[in-house]
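What follows is one structure encoded as structure tokens, with my remarks underneath.
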Amino acid sequence: MAGLTTRRNFIRTAAAGGAFLGLGDLGFLSRLPAVSAAETELDPKLVRLRPEIEPLVRTIETTPRERVLEVVAEKIRHGTSYQEVLAALLLTGVRNVQPRPSVGHKFHSVLVVNSAHLASLSSPDSDRWLPIFWAIDYTKRTQAEEERTSGWKLGPVDEKNVPPAHKAKAALIDALDRWDEAAADVAAAGFVRAAGAAEVFEVLYRYGMRDFRSIGHKAIYVANSQRTLSCIGWQHAEPVVRSLVYALLNHQGDANPAKADLAADRPFRENSTRVKKISAEWRNGKPDDKAARELIGLLHAGSGDEACDLAVEMLARGVAPQSLWDAALVGSAELLMRQPGIVPLHAMTTSNALHYAHIASGDDETRQLALLQNLAFVALFRGAAEGRGRIRDRSIDDVTPVVPEGTGTAAVEEIFADVSGDRDAAAAKVRGFIAGGGDAKELIDAARRLTFLKGNDAHDYKFSSAALEDYYHVSPAWRDQYLALSVYNLDGTGSRDNDLVQRTRAALA
């Protein structure tokens, strides 16, 4: 979205509705009844947000789930912008949902905000608010879960222990290295107050990728929080970065990792040694599809150590980093084909986050670590998938093109009908559709629209946003295969409409 969505645009786009692949009239968004939400006094035990956003956050926090969409819609009618709604959505989750016992589960209400935002950016006007409204509803559900189980809230900073500006960065690094939550919290606040986004996240990239706990969610939170803050503004960063640092220090009951040799931490230590061998000319290599294929083959059955060693050797002989990223992204997608499910889909969403760190970082060593950690993680994801049951002995070459019976929109409909019943057939038809001159963007647009209509879980938004974005991050030679493999976790036309759309339609009938 180029700019902020105005009241006029909201009413116009909501009224436009949309009908494609079973997505009915969305004009109900312009008929939401006028309601008001009384603001309550802020609990002194809560972190205080900036005064311009606090009232909207309190509205979302205190409005019952069954009414919150109507209340937010009414505020939009009266001039509340898209940017303000997005900021309030993220901050509501940050203040009310704890990244414990893992950086996942209920905490997906925070992790999914950027995914909903990306879906909104890529949507036609008629659908633009749907991902955000879905995320608001999901946040209310997880807020209620947190209240039932722990009552946790993000509290105010211990101001007396916030380090001075010139010491905050070093204090944060030291606290993160020691896995000291209290020291890291005050240092994070001091660092955000003293530095800008690029400097802060340059530190945090490495800590998001340093361990495999929470199956990649730490790296995902680093990338997603930075990307959302780039839209809503750095003025909202302090509570977000405090929550992020708290998440990065989650070690789920293990001994202090700074004082132990734990499996989740070994790849980073080993890769921190490997990067010392990489030449300063490492980015000057040439694309090499043969090298990418060799590395994909190693990821299919080899160890993370073998993959990282091969990557370092390939860089030394002049293979472009892009070819290694092709292997990492396509290799993670191949794993999803071999065992569709929760673990392999996180191989793809984590790859998306680590690729973001690679392109966003300004430090060569951090960029190298992101690449090597991604390769190590794909192997670890494969091991985790094997621990959950048999994975199919299939490779990317087993998805051979099959031309759909229909053409154009009919072919797209056919493919997404197969997604609901025969994903192998759908993957083959994706390749056949593109090979026959079909536009991949038609498939991508349809996949996003079906996520809005059918998505019932944060993973539906996280996965679709990551996979459909990474279609453009792999080299053209691999894109049709990558998109074909993505259908193993996309929504099909045969899936049930999500409860949110059904509930909203029923309420406004």
Side-chain angles (χ1 to χ4, degrees), residues 42-51 53-54 57-58 61 86-104 106-111 113-114 139 142-143 146 150-165 167-208 210 214 217-230 232-251:
L42 182 64
D43 187 334
K45 295 181 181 180
L46 289 178
V47 61
R48 288 184 178 272
L49 308 176
R50 290 182 65 88
I53 200 65
E54 181 71 57
V57 174
R58 292 297 291 157
E61 286 177 334
L86 187 68
L89 170 60
L90 178 63
L91 294 170
T92 298
V94 160
R95 189 156 76 178
N96 291 277
V97 186
Q98 180 180 203
R100 296 290 191 278
S102 69
V103 189
K106 64 182 183 295
F107 198 68
H108 276 106
S109 60
V110 175
L111 299 174
V113 171
N114 181 66
T139 294
T142 57
Q143 178 190 351
E146 192 73 81
S150 75
W152 180 90
K153 304 285 184 183
L154 181 65
V157 176
D158 181 6
E159 293 290 348
K160 69 180 182 298
N161 287 317
V162 174
K167 294 183 177 181
K169 179 178 179 179
L172 178 59
I173 292 171
D174 176 67
L176 288 169
D177 286 342
R178 292 185 293 105
W179 295 74
D180 185 330
E181 291 180 2
D185 184 60
V186 293
F191 192 23
V192 168
R193 295 171 190 178
E199 186 178 0
V200 170
F201 278 94
E202 196 64 69
V203 170
L204 297 178
Y205 293 139
R206 294 200 184 199
Y207 292 97
R210 74 168 164 177
S214 297
H217 285 118
K218 294 182 180 183
I220 291 168
Y221 192 16
V222 172
N224 285 7
S225 59
Q226 182 180 18
R227 298 179 75 171
T228 307
L229 283 168
S230 71
I232 66 176
W234 189 244
Q235 69 270 22
H236 300 300
E238 185 174 317
V240 177
V241 173
R242 288 180 60 215
S243 168
L244 172 57
V245 165
Y246 183 41
L248 296 179
L249 293 174
N250 188 341
H251 53 91

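From a predicted model like this one, the values you see are computed outputs, not experimental measurements.
Between Gly190 and Ala168, the shortest heavy-atom distance links the atoms C-CB, 3.5 Å. Nearest heavy atoms, Gly104 versus Leu111: CA-CD1, 4.5 Å. The two atoms that bring Ala195 and Glu199 nearest to each other are CB-OE1, 3.3 Å, heavy atoms only. Minimum heavy-atom separation, Trp179 to Leu248: CZ3-O, 3.7 Å. Shortest non-hydrogen contact noted between Ala87 and Ile53 is CB-CD1, 4.0 Å. The heavy-atom pair separating Pro239 from Leu49 by the smallest distance is CG-CD2, 3.8 Å.
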How far apart are the C-alpha atoms of Val110 and Leu90, what are their side-chain angles, what is the distance that settles it, and do they pass the side-chain contact (heavy atoms from CB on, under 4.5 Å) test? CA-CA 6 Å; Val110 175; Leu90 178 63; 4.0 Å; yes
Might you work through the salt bridge (charged side-chain N to carboxylate O under 4.0 Å, His left out) test for Glu54 and Arg95, ending with a clear yes or no? CA-CA 11 Å; Glu54 181 71 57; Arg95 189 156 76 178; 2.7 Å; yes
Working note: Arg100 + Asn250, criterion side-chain contact (heavy atoms from CB on, under 4.5 Å); need CA distance, chi angles, decisive distance, verdict. CA-CA 7 Å; Arg100 296 290 191 278; Asn250 188 341; 3.4 Å; yes
Would you please test Arg193 and Glu159 for salt bridge (charged side-chain N to carboxylate O under 4.0 Å, His left out) and show each step? CA-CA 12 Å; Arg193 295 171 190 178; Glu159 293 290 348; 2.8 Å; yes
Any chance you could lay out the side-chain contact (heavy atoms from CB on, under 4.5 Å) test for Val47 and Val157, step after step, and finish with the verdict? CA-CA 7 Å; Val47 61; Val157 176; 5.6 Å; no
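Judged by distance alone, the side chain of Glu146 and the main-chain N or O of Gln98 form a donor-acceptor pair under 3.5 Å. The closest donor-acceptor contact from the side chain of Arg178 to the backbone of Ala184 lies at 3.5 Å or more, if one exists at all. With hydrogens and angles disregarded, no donor-acceptor distance shorter than 3.5 Å links the side chain of Lys167 to the backbone of Ala187.
The only member of Asn96, Thr92, Thr139 that meets side-chain hydrogen bond (donor to acceptor under 3.5 Å, both in side chains) when paired with Glu61 is Asn96.
The CD atom of Gln235 lies 9.0 Å from the CG atom of Leu229; values are rounded to the nearest 0.5 Å. Atom NE2 of His251 sits about 7.5 Å away from atom CG of Leu249, to the nearest 0.5 Å. Between atom CZ of residue Arg242 and atom CG of residue Leu154 there is a gap of 4.5 Å, rounded to the nearest 0.5 Å. To the nearest 0.5 angstrom, Leu91 atom CG is 11.0 Å from Arg50 atom CZ.
Residues Arg206 and Leu176 have side chains not in contact (no heavy-atom distance under 4.5 Å, counting atoms from C-beta outward). When side chains are defined from C-beta on, Thr228 counts as touching Leu86, because their heavy atoms get closer than 4.5 Å. Between Val113 and Asn224 there is no side-chain heavy-atom pair separated by less than 4.5 Å. Residues Tyr207 and Arg210 are in side-chain contact: their nearest non-hydrogen atoms beyond the backbone lie under 4.5 Å apart. A 4.5 Å side-chain heavy-atom check between Tyr246 and Asp185 finds every atom pair outside the cut-off. Side-chain contact between Val97 and Val94 is absent, with no heavy-atom pair separated by less than 4.5 Å. At a threshold of 4.5 Å between non-hydrogen side-chain atoms, the residues Val203 and Phe191 count as touching. Contact of the Val241 side chain with the Leu204 side chain is registered, since non-hydrogen atoms from C-beta on lie closer than 4.5 Å.
Residues meeting the salt bridge (charged side-chain N to carboxylate O under 4.0 Å, His left out) test with Asp177, sequence neighbours left out: none.
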